[in-house]
> 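Have a look at the structure that comes next, please.
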Amino acid sequence: MGTYLTPLISPKHVELDKLQGRILAIDAFNSIYQFLALVRDKYGRPLTNSRGQVTSHLVGLVSRYSRLVYEYNMLFIFVFDGPPHPLKRKELERRKTLREKARQEYLELLRKGDLEKAFSKAVVSASIDEWIVESSKKLLRLMGFPIIQAPHDAEAQAAFLVKSEQAWAVGSMDWDSLLYGSPRLVRYVTLTGFEWLPSKMMARKLMPEIVELEETLNMLGITHQQLVDLAILVGTDYNDGIPGVGPKRALYLIKKYGSLEGLPLNLKKMLPNNYKEIRELFLNPPITTSYDIIFGELDEEGLRKFLVDENDFSHEKVETYLKRLREAFQRRTRTLDYFL
DNA sequence: CGCAGGTA
DNA sequence: TACCTGCGG
C-alpha cells in the first residue's frame, strides 16, 4: 500500500506528449496489480486462457506499453520486487488477510447475484502469484524491455535508477520511491486513465501526474531525511504509525522538533524501537548494481506463440501490438544509426 | 485497463 | 465531441 502522504504532495498534471522519449522505471508489481484489479469480465472474474490461468495482466501490459512506446517513443525498464525485507512481513500478512476477507465476501455477493458489489470485492481480492510474475516477465522480455530484479523493494531499486540517471522517472502509483530518494515520480501513465475507487464503487478519470522530490521538499520546507522521519510517524510498509498522527500532524511535528530524536518523550516512546533501522532502509536501501539495461530485440514469433497459441489472444489483436512494437523499434534503430 | 461501436 | 456499454481471454 505504501505510505500515505497524499495530503502533503501536490502533483502537477502533465500531458502524455510531455513524456515523449522518456525512460521510465516501472514498479512492475504496481502496474500488474492495476491490471489484475481492473481487467475483468462483468462478474468481476479476471480474464483467463483455456487452461484457466489468469491473463488480465498480459492483456493490460501488452496493450498499454506497446502503445506508449509506439505513440510517445517512451521506453520502460520493469523493476520487479524481490523477497520482502524481513521488516515488511507484518504489512504483507495484513494485506493477505484483507484479500482473503474480500474473496469470501466476493463469493457470497456473487451467490446473491449482486454483481456490482461483487466486482468491487473481486478487485480488492486480486493477488499476484507465481504464474502472474513469470508470465509477465516472459511477455516483457519478448517485447524487448529490460527487466531488473530488485533485492527487496522495487520502489527502492527504481529510485536508484533515476538517481543514477539510468531512467528519467519512476512510474508508480505509490509515493515510496520519493522516500527512497527518487528525484522524479510519474503516476497514472495510462492511455484512458481511470482509477477504481473501491470505497465509492466508481471509477475516476485521471491525467498523468508528475512529482519532483526537490520541489516537494521545498514546498514542505523540510529535508529528505525529515520526509522519511515524517513517514515513520505516519506509518510505512515497515512500521505502524503513531495513533492519531496523520500526514499533516506529522509534518507539523517534524518541522517543530526537527527529527524523530527531537520529539518530546511522550511521543518518542511511541516510536518503533527500530526506527533508526527503518530510516536507514529508506535513506540507504538495499539495491543491486549488477544488471544490464538492454533494450533487446522484439521477438515477433515468440510473441505470437506466447499470446495466440498459449494464451488464446486473437490473432488480429496480436498483429496490431506487433506492428506498434516493430515500428517503434525500427524508429529507435534509425535514431541510433543517425547518432552513430 | 484499452478499445470498438453505439447514442445524443 | 462527449458519453455510455459491452467485450477481451
Side-chain angles (χ1 to χ4, degrees), chain A residues 15-17 19 24 26-72 74 76 78 106 110 113-129 131-140 142-143 145 171-174 186-198 200-209 302-325 327-328:
Chain A
E15 297 291 332
L16 274 177
D17 281 327
L19 301 176
L24 302 189
I26 302 289
D27 178 346
F29 274 39
N30 194 278
S31 185
I32 289 167
Y33 181 81
Q34 292 167 55
F35 293 130
L36 290 179
L38 282 148
V39 182
R40 285 165 182 269
D41 70 13
K42 62 181 167 183
Y43 301 106
R45 293 175 304 210
L47 307 184
T48 58
N49 62 23
S50 59
R51 282 164 296 166
Q53 292 166 308
V54 172
T55 52
S56 294
H57 58 301
L58 303 177
V59 174
L61 288 171
V62 73
S63 57
R64 177 188 292 176
Y65 293 106
S66 67
R67 227 190 107 180
L68 289 173
V69 160
Y70 173 61
E71 284 187 30
Y72 299 96
M74 295 171 77
F76 301 96
F78 288 88
Y106 163 71
L110 202 59
D114 190 339
L115 297 188
E116 210 178 333
K117 276 192 190 157
F119 192 109
S120 77
K121 292 295 175 187
V123 166
V124 181
S125 72
S127 64
I128 295 182
D129 61 18
W131 154 256
I132 291 171
V133 176
E134 292 313 313
S135 56
S136 297
K137 286 181 179 171
K138 176 158 187 186
L139 172 66
L140 295 168
L142 291 169
M143 292 169 77
F145 291 122
S172 172
M173 308 266 281
D174 291 345
V186 289
R187 308 170 82 215
Y188 311 125
V189 181
T190 64
L191 276 342
T192 54
F194 279 87
E195 181 188 36
W196 180 253
L197 301 168
K200 295 185 185 162
M201 295 214 318
M202 56 182 286
R204 174 167 67 108
K205 197 173 188 339
L206 293 166
M207 281 249 292
E209 294 177 352
L303 273 170
R304 284 192 193 95
K305 183 165 176 292
F306 182 62
L307 292 178
V308 181
D309 301 345
E310 295 173 24
N311 286 290
D312 307 307
F313 278 57
S314 90
H315 172 72
E316 290 77 17
K317 288 211 168 157
V318 170
E319 289 309 314
T320 311
Y321 303 141
L322 286 175
K323 185 169 179 287
R324 290 179 192 161
L325 291 165
E327 290 187 15

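Bear in mind the structure is a predicted one, so any value in this text is a computation, not a measurement. Order of the sequence lines fixes the chain letters, A, B, ..., with proteins taken first and strands second; residue numbering starts at 1 for each chain.
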> Just the rounded figure in Å: distance from C1' of C/dG8 to NE2 of A/H315.
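So the NE2-C1' distance, A/H315 to C/dG8, works out to 17 Å.
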> Between B/dG2 atom P and A/L58 atom CG, what is the distance in whole Å?
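After rounding, the gap between these two atoms is 15 Å.
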> To the nearest angstrom, how far is A/E316 atom CD from C/dG8 atom C1'?
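One finds 13 Å between C1' of C/dG8 and CD of A/E316, rounded.
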> Decide yes or no for A/T190 and A/R64: does some side-chain heavy atom of the first lie under 4.5 Å from some side-chain heavy atom of the second?
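Counting from C-beta outward, A/T190 and A/R64 do come under 4.5 Å.
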> What is the distance from OH of A/Y70 to C1' of B/dG2, rounded to the nearest Å?
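So the OH-C1' distance, A/Y70 to B/dG2, works out to 16 Å.
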> To the nearest 0.5 Å, how far apart are CE in A/M207 and CG in A/L16?
9.0 Å
> Looking at every strand, decide which applies to A/T55 at a 4.0 Å heavy-atom threshold: base, sugar-phosphate, or nothing.
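The answer is sugar-phosphate, as A/T55 gets under 4.0 Å only of primed atoms, P, OP1 or OP2.
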> A/D41 has an atom CG; how far is it from atom P of B/dG2, in whole Å?
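From A/D41 CG to B/dG2 P: 18 Å.
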> Find the distance A/L115:CG to C/dG6:P and express it as a whole number of Å.
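Computing the A/L115:CG to C/dG6:P distance gives 12 Å.
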> Let me confirm one number: the CZ-CE distance from A/F78 to A/M143, rounded to the nearest 0.5 Å.
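Here the rounded value is 7.0 Å.
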> Using a 4.0 Å heavy-atom cut-off across all strands, classify A/S56 as base, sugar-phosphate, or nothing.
nothing
> Taking NZ, NE, NH1 and NH2 as the nitrogens, is one of them in A/E319 or A/K323 under 4.0 Å from a carboxylate oxygen of the other?
no
> Closest approach to the side chain of A/S63, judged atom by atom: which nucleotide of C/dG9, B/dG2, B/dC3 is it?
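Looking only at side-chain atoms, A/S63 lies closest to B/dG2.
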> From the set B/dC3, B/dG2, C/dG9, return the single nucleotide nearest to any side-chain atom of A/R67.
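When the side chain of A/R67 is considered, B/dC3 is the closest of B/dC3, B/dG2, C/dG9.
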> Mind calculating the distance between CG (A/L38) and P (C/dG8) to the nearest angstrom?
18 Å
> How close or far is atom P of C/dG9 from atom CG of A/D309, stated in whole angstroms?
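From A/D309 CG to C/dG9 P: 14 Å.
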